[in-house]
Amino acid sequence: MSKAIYPGSFDPVTYGHIDIIRRAAKIFDELTVSVLNNKVKTPLFSVDERVKMLQEVCKDIPNVKIDSFSGLLADYASECGTDVIIRGLRAITDFEYELQMAQTNHKIAEHVDTVFLTTSLEYAYLSSTTVKEVASFGKDVTQFVPPCVAEKIYEKYR
Ligand code: COA
């Protein structure tokens, strides 16, 4: 059975992430989408809230599981018994950081490889930060995130 993990901050999940999740779930038998408890970023949503939003938006994709992790991604991949990490590339500006991360992960755990999917063009400009910024000014964000996620963002800024 082919397995992969798709890690990220998902603060919150956007249509750009969902596009990658759906496409990766078609390639692999089992996909684990995993929320990083990232000490470097100051998230708007707790890990638990982000996991719940992902569960809601992925509930119709049977081979997708939602999880969370902290620490090194390469160690987490080994714990999951997975050799494949999925990452989305939005633009050339993502490439340098992603290349560095993929190579570091491969150095830490030689069996771990990163597979890049190019983000669909209509989501190439999207980021969780811009969605939160737009919502913080009271604007509609339902073109960027599913309605259930938009509602959770509005609640935070109310
Ligand atoms: N469509 C739209 N937006 C996307 C996207 C897509 N397909 N893919 C990523 N993004 C956006 C996200 O919304 C996010 O926006 P933000 O910065 O405004 O929040 C940004 O791109 C990057 O987010 P994300 O994919 O969540 O990655 P990340 O940089 O927060 O985390 C990890 C990446 C989790 C893989 C990495 O930090 C990690 O592995 N950490 C563990 C520690 C470790 O092992 N370090 C050593 C490896 S070098």
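Read the numbers this way: they start at 1 and go in the same order the structure lists the ligands and their atoms.
Backbone and side-chain nitrogen or oxygen atoms of N38 are examined, and none is located within less than 3.5 angstrom of a nitrogen or oxygen of ligand 1. Between S9 and ligand 1, an N or O atom pair is found at a separation short of 3.5 Å. Taking only nitrogen or oxygen atoms, main chain and side chain alike, T14 does not reach within less than 3.5 Å of ligand 1. For ligand 1, the polar-atom distance check against T104 finds no nitrogen or oxygen pair separated by under 3.5 Å. Looking at ligand 1, you'll find an N or O of L73 within less than 3.5 Å of one of its N or O atoms.
Electrostatic pairing of K156 and E49 counts as a salt bridge here, judged by a charged N lying under 4.0 Å from a carboxylate O. Look at E30 and K65 and you find a salt bridge, because one of the NZ, NE, NH1 or NH2 atoms lies within 4.0 Å of a carboxylate O, short of that distance.
With a 4.5 Å cut-off on side-chain heavy atoms, H106 and T114 do not count as touching. D67 places a side-chain heavy atom less than 4.5 Å from the side chain of Y76. Between I5 and L31, every side-chain heavy-atom pair lies at or beyond the 4.5 Å cut-off.
Looking at S127, its side chain does come within 3.5 Å of a backbone N or O of T130 through a donor-acceptor pair.
Atoms of ligand 1 found under 4.0 Å from any heavy atom of F10, numbered from 1 in the order shown, are 26 (O). The distance from ligand 1 to the heavy atoms of L126 drops below 4.0 Å at these ligand atoms: 2 (C), 3 (N). Interface of N105 with ligand 1, defined as ligand atoms under 4.0 Å from a residue heavy atom, comprises 47 (C). Which parts of ligand 1 touch G71 is read off a 4.0 Å heavy-atom cut-off, strictly below it: atoms 41 (C), 42 (C). The atoms of ligand 1 that sit less than 4.0 Å from any heavy atom of M101 are 35 (C), 36 (C), 47 (C), 48 (S). Distances below 4.0 Å separate heavy atoms of S127 from the following atoms of ligand 1: 13 (O), 15 (O), 18 (O). Listed by atom number, the atoms of ligand 1 under 4.0 Å from S128 heavy atoms are 12 (C), 13 (O), 15 (O), 18 (O), 19 (O).
Residue R87 places a heavy atom under 4.0 Å from ligand 1. For the ligand labelled ligand 1, residue Y15 lies outside the 4.0 Å heavy-atom shell. The closest approach between A124 and ligand 1 stays at or above 4.0 Å for every heavy atom of the residue. Heavy-atom separations between K132 and ligand 1 are all 4.0 Å or longer. Distances from ligand 1 to the non-hydrogen atoms of I20 include at least one value under 4.0 Å.
Of the candidates T82, V84, N63, F28 forms a side-chain contact (heavy atoms from CB on, under 4.5 Å) with just one, namely V84.
In this model, a donor atom of one side chain and an acceptor atom of the other lie less than 3.5 Å apart for D140 and T142. For S128 and D11, the side-chain atoms include no donor-acceptor pair closer than 3.5 Å.
Scanning the protein heavy atoms around atom 43 (C) of ligand 1, the nearest turns out to be L72 CD2, 3.6 Å. Atom 17 (O) of ligand 1 has its closest protein heavy atom at K41 NZ, 3.4 Å. Scanning the protein for heavy atoms near atom 7 (N) of ligand 1, the closest one is T119 OG1, 3.0 Å. In this structure, the protein non-hydrogen atom closest to atom 16 (P) of ligand 1 is T129 OG1, 3.3 Å. Looking only at heavy atoms of the protein, atom 1 (N) of ligand 1 is closest to G16 CA, 3.2 Å. Looking at atom 12 (C) of ligand 1, its nearest protein heavy atom turns out to be H17 NE2, 3.5 Å.
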- Task: For salt bridge (charged side-chain N to carboxylate O under 4.0 Å, His left out), just list the numbers for E56 and K152, CA-CA rounded to whole Å, side-chain angles, deciding distance to a tenth of an Å, and then say yes or no.
- Result: CA-CA 12 Å; E56 179 62 25; K152 296 284 179 210; over 6 Å; no
- Item | R90 vs E98, salt bridge (charged side-chain N to carboxylate O under 4.0 Å, His left out): CA-CA, chis, key distance, verdict | CA-CA 11 Å; R90 288 169 297 174; E98 293 294 341; over 6 Å; no
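Rounding to the nearest 0.5 angstrom, the gap separating the CD1 atom in I18 from the OH atom in Y15 is 6.5 Å. Here CG of L72 is found 5.0 Å from CD1 of I108. Values are rounded to the nearest 0.5 Å.
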